[in-house]
Number of protein chains: 2
Amino acid sequence: MGLIKTEKFSESQNQIALFAKAFGHPARVAIIQHLFKINACVCGDLVEEIGLAQPTISQHLKELKNLGLIQGTIEGTSVCYCINKDNWTAMKTLLNDFFNNNLDSNTCC
Amino acid sequence: MGLIKTEKFSESQNQIALFAKAFGHPARVAIIQHLFKINACVCGDLVEEIGLAQPTISQHLKELKNLGLIQGTIEGTSVCYCINKDNWTAMKTLLNDFFNNNLDSNTCC
DNA sequence: TTTGTATATCGCAATATTACGATTAATATT
DNA sequence: AATATTAATCGTAATATTGCGATATACAAA
């Protein structure tokens with residue numbers, strides 16, 4: 001198979017999994033961290049920054065873009081990428097709710 | 001290929017990606033949520049709760065166990081699973097640091 | 001108009017993931 | 001001992017992901 005049975009799960013569970021999968025590759029983690037570090041649009045230098053081939057980086061950027069976590073604006077021949085603040089915040093809320101379950105009252109093991 | 005080039009990234013970036021990948025499947029999200037909801041050890045009922053075949057659930061549990069996020073104790077013929085609090089907290093800290101970058105001063109796009 | 005530069009897409013090979021039937025292992029029950 | 005129950009493991013098929021060379025596209029500069 002290799003095919004996820006999304007129909008078995010809630011929309012929220014599938015959404016959490018989709019966002020988490022986006023961060024499930026170190027290159028995409030590095031891309032996001034670099035966008036935060038530079039704290040502005042990044043035009044072009046991601047390939048040398050990350051150290052993978054240009055088509056590979058382009059593909060990772062596409063995935064993050066499709067999820068809405070980043071956005072790109074064309075500037076002449078290059079494209080400037082940055083975090084999409086609204087969607088980033090929404091993703092953070094969803095994942096924080098998932099992470100921040102109360103462990104204190106859990107009494108077992 | 002299909003092989004992640006981990007040597008290109010920092011230990012932290014790889015660790016974030018490994019944890020995120022664990023949540024990159026809705027079944028594993030559902031398992032964790034159920035463990036939190038029940039708020040105690042779960043013995044056996046995960047298969048009917050999630051709705052995938054027993055070997056499939058067992059495999060997902062193994063992945064979460066290998067990462068240290070859950071732990072299982074044998075109780076007779078069944079196994080009781082629960083969240084590993086210490087490791088869960090450590091994971092949460094790592095991912096929160098990654099998520100909670102300051103977006104306010106980001107001035108672009 | 002030709003050339004250069006930057007990014008996206010195509011196509012493919014290698015590897016990983018998902019799912020589950022069949023089986024095994026280990027303990028409980030009768 | 002024989003049988004039942006529960007979970008892990010094996011083996012395998014289907015699909016997804018990763019990575020990159022080759023190519024296409026789009027704009028800039030000469």
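In what follows, chains carry the letters A, B, and so on, assigned in the order in which the sequence lines appear, proteins first and then strands, with residues in each chain numbered from 1. None of these values were measured; they are calculated from a predicted model.
- Between A/V79 and A/E75, every side-chain heavy-atom pair lies at or beyond the 4.5 Å cut-off.
- Computed from coordinates, the A/L46 CG to C/dT7 P distance equals 9 Å when rounded to whole Å.
- The interatomic distance linking A/L3 (CG) with C/dA16 (C1') rounds to 15 Å, in whole Å.
- Rounded to an integer number of Å, the gap from B/I70 CD1 to D/dA7 C1' is 13 Å.
- At the heavy-atom level, A/K8 lies nowhere under 4.0 Å from the strands shown.
- A/W88 places no side-chain N or O within donor-acceptor distance of the main-chain N or O of A/G68, the cut-off being under 3.5 Å.
- Residue A/K21 places none of its side-chain N or O atoms closer than 4.0 Å to OP1 or OP2 of D/dA16.
- Between A/T77 and A/L52, the residue anchored nearer the 5' end of DNA chain D, judged by the nucleotide with its closest heavy atom, is A/L52.
- In terms of position on DNA chain D, the residue among A/A27 and B/S78 whose nearest nucleotide sits closer to the 5' end is B/S78.
- Between B/F9 and A/H25, the ring planes lie perpendicular to each other; the angle is over 60°, past the 30° to 60° tilted range.
- Looking only at side-chain heavy atoms (C-beta outward), A/L64 and A/Y81 stay at 4.5 Å or farther from each other.
- The stretch residues 54-64 of chain B touches DNA chain C through B/P55, B/T56, B/Q59, B/H60, B/E63, each having a heavy atom under 4.0 angstrom from the strand.
- If you measure from atom CD of A/E49 to atom C1' of C/dA6, you get 18 Å, rounded to the nearest angstrom.
- Residue A/V47 is the one, among A/T6 and A/V47, whose nearest nucleotide of DNA chain C lies closer to the 5' end (criterion: closest heavy atom).
- Between B/L35 and B/I70 there is a side-chain heavy-atom pair separated by less than 4.5 Å.
- Using modelled atom types, one finds a donor on one side chain and an acceptor on the other under 3.5 Å when comparing B/Q13 with B/S10.
- Heavy-atom nearest nucleotides on DNA chain C were determined for A/K65 and for A/I4, and the one closer to the 5' end corresponds to A/K65.
- Checking D/dT6, D/dG19, C/dA8 against every side-chain atom of A/Y81, the shortest atom distance belongs to C/dA8.
- A donor-acceptor pair under 3.5 Å is absent between the side-chain atoms of B/R28 and the main chain of A/A17, judged by distance alone.
- Under the Watson-Crick or G-U wobble criterion, with both distances below 3.5 Å, D/dA28 is paired with C/dT3.
- Taking atom NE2 on B/H25 and atom C1' on D/dT15, their separation rounds to 12 Å, with Å as the unit.
- Comparing D/dA7, C/dT18, D/dA28 by their nearest atom to the side chain of A/M1 picks out C/dT18.
- When rounded to the nearest whole Å, the span between CG of A/D45 and C1' of C/dT5 equals 15 Å.
- A/E48 has its CD atom 14 Å from the C1' atom of C/dT5, to the nearest Å.
- Taking atom CD1 on A/I74 and atom P on C/dA8, their separation rounds to 8 Å, with Å as the unit.
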